[in-house]
Amino acid sequence: MRAAVLRQFRSDLSLETVPDPVCEADGVVLKVLACGICRSDWHGWVGEHPKLRPGAIPGHEYCGEVVEAGPLARWQVGDRVIAPFILACGACPDCQSGNQTTCKSQRVPGFGEPGAYAEFISVPHAHNLARLPESLSPALAAGLGCRVTTAWHALTGRAALQAGEWLAVHGTGGVGLSLLLIGRALGARVVVVDIVAERLSHALSLGAEAAVDARDGDVAARIVEITGGGAHVSVEALGIAATANASLECLRPLGRHVQVGLPTGHTARMEINMNAVYMKQLSVFGTRGMPAWRYPSLLTMIETGRVDVRPIVAREVPLSAASAELRAFDAPMPPGVAVITDLTG
Ligand SMILES: [Zn+2]
Ligand SMILES: [Zn+2]
């Protein structure tokens with residue numbers, strides 16, 4: 001099959017013919033219909049992710065059609081499915097208690113095993129897959145990727161965002177846009193922060209009540225003013241110290257910070273204003289992905305039109321354009337994400 005292989009950090013992915021994937025007993029092999037391109041892939045492409053090394057095939061945001069099913073998998077050839085990026089084992093205490101995102105035996109295609117920048121992908125633990133709704137195109141389904149699922153779980157499964165609360169979103173990339181759209185659907189008032197004017201106006205057009213340009217400085221103070229005392233929930237969606245601190249500092253007393261951005265840098269350490277956490281008695285949540293059992297709740301919101309995910313996907317590209325898309329993450333980006341929909345092109 002054809003695949004895009006990382007041979008050298010920060011160099012173009014190599015388009016190669018590689019062996020077809022092998023189906024596992026509890027898994028399926030999918031013909032990839034679409035695969036999202038994500039800032040997490042960029043982390044790997046620049047060499048910051050320990051599980052993305054030369055020889056790897058990236059791609060963790062995919063949907064596809066079953067072309068082979070293992071004897072223990074409950075899918076049929078021809079089924080169209082969508083995958084969470086975390087494929088939990090299903091058998092350990094974490095999984096059994098519904099917390100699949102902390103499964104210690106989890107597998108993540110694209111990080112440590114072949115991903116979906118390819119014609120086909122082997123997906124183990126196929127019980128994590130969800131049926132692709134008829135009304136959702138493969139491009140949009142892949143665009144849900146890790147971002148809409150992560151945003152859904154961050155707001156509803158972690159921070160318990162309530163209608164009428166103020167939600168601050170720091171960074172309006174793919175996950176930031178998802179947080180805005182879901183926050184609005186849940187009845188929250190949303191203020192967004194970014195450094196790209198085009199992304200701020202895009203967010204305003206999608207229902208953000210206020211947009212703060214971080215280049216003007218003093219982000220936290222301005223959000224405290226806009227929200228009349230601080231946001232109730234604030235989500236960091238970039239992974240750098242400046243936005244993490246702005247997120248903590250823009251909260252009102254007893255506010256909830258959610259760390260969604262994958263911390264950048266080789267050590268992923270950063271200096272945090274712990275005094276804000278202490279003085280305002282804040283809650284700090286980390287979150288990563290969404291347990292697969294929560295797909296029905298999210299897909300219902302999308303299928304019934306309560307959340308319109310169409311603004312998230314900005315462009316559909318061929319596999320050969322993936323390198324240029326990864327390179328583009330080096331600089332501030334226009335709104336929306338790219339999805340690979342032609343895996344042979
Ligand atoms: Zn498990
Ligand atoms: Zn992703």
Side-chain angles (χ1 to χ4, degrees), residues 4 6 24 26-27 32 34-46 48-49 51-52 56-64 72 82-118 121 123-129 139-154 171-179 235-239 259-264 287-295 298 309 312-314 317 322 325-326 328-329 333 336-340:
L6 175 74
E24 299 194 27
D26 73 343
V32 178
C35 180
I37 299 175
C38 175
R39 183 168 285 277
S40 303
D41 300 327
W42 173 86
H43 278 271
W45 178 72
V46 301
E48 279 181 2
H49 199 294
K51 290 200 166 160
L52 233 168
I57 301 171
H60 59 281
E61 305 187 342
Y62 51 94
C63 66
L72 302 177
I82 176 169
F85 71 93
I86 295 171
L87 301 172
C89 78
C92 72
D94 285 317
C95 284
Q96 301 264 296
S97 58
N99 299 305
Q100 284 87 348
T101 60
T102 55
C103 170
K104 288 172 194 67
S105 305
Q106 65 183 251
R107 294 173 62 181
V108 184
F111 294 99
E113 47 194 287
Y117 284 20
I121 182 172
V123 184
H125 304 331
H127 51 84
N128 289 279
L129 299 172
L140 279 182
L144 300 183
C146 65
R147 61 191 64 77
V148 180
T149 53
T150 294
W152 178 244
H153 192 55
T172 62
V175 74
L177 271 185
S178 309
L179 289 159
V235 185
E236 200 281 347
L238 190 60
Q259 187 61 40
V260 157
L262 177 63
T264 53
T287 200
R288 173 175 168 269
M290 176 191 83
W293 64 265
R294 302 210 59 219
Y295 262 121
L298 170 61
V309 291
I312 292 168
V313 175
V317 300
E325 292 289 344
L326 290 174
F329 282 104
M333 301 262 285
V337 303
V339 173
I340 304 166

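One-based numbering, in listed order, for ligands and for the atoms of each.
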Subject >> Sole residue of Leu6, Ile57, Val46 in side chain to side chain contact (heavy atoms under 4.5 Å, CB included) with Leu52 >> reply: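 Answer after filtering Leu6, Ile57, Val46: Leu6.
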Subject >> Shortest non-hydrogen contact between His153 and Thr287, atoms and distance >> reply: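 So the two residues come closest at CD2-OG1, 3.8 Å.
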Original post:
Can you name the nearest heavy-atom pair linking Leu177 to Thr172, along with the distance?
Top reply: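 Closest pair (atom of Leu177, atom of Thr172, distance): CG-O, 4.0 Å.
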Original post:
With the Zn ion (ligand 1) at the apex, how many degrees lie between SG of Cys89 and SG of Cys95, rounded to 10 degrees?
Top reply: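 Value returned, to the nearest 10°, is 110°.
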Original post:
Can you give the angle His60 NE2 - the Zn ion (ligand 2) - Cys146 SG, rounded to 10°?
Top reply: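 Seen from the Zn ion (ligand 2), NE2 and SG are separated by roughly 120°.
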Original post:
Which word best sums up how the rings of Phe85 and His60 line up, parallel for under 30°, tilted for 30 to 60°, or perpendicular for over 60°?
Top reply: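 Because their plane-to-plane angle is over 60°, the rings of Phe85 and His60 count as perpendicular.
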Subject >> Residue Glu61 atom name (nearest to the Zn ion (ligand 2); N/O/S) >> reply: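 Result: OE2.
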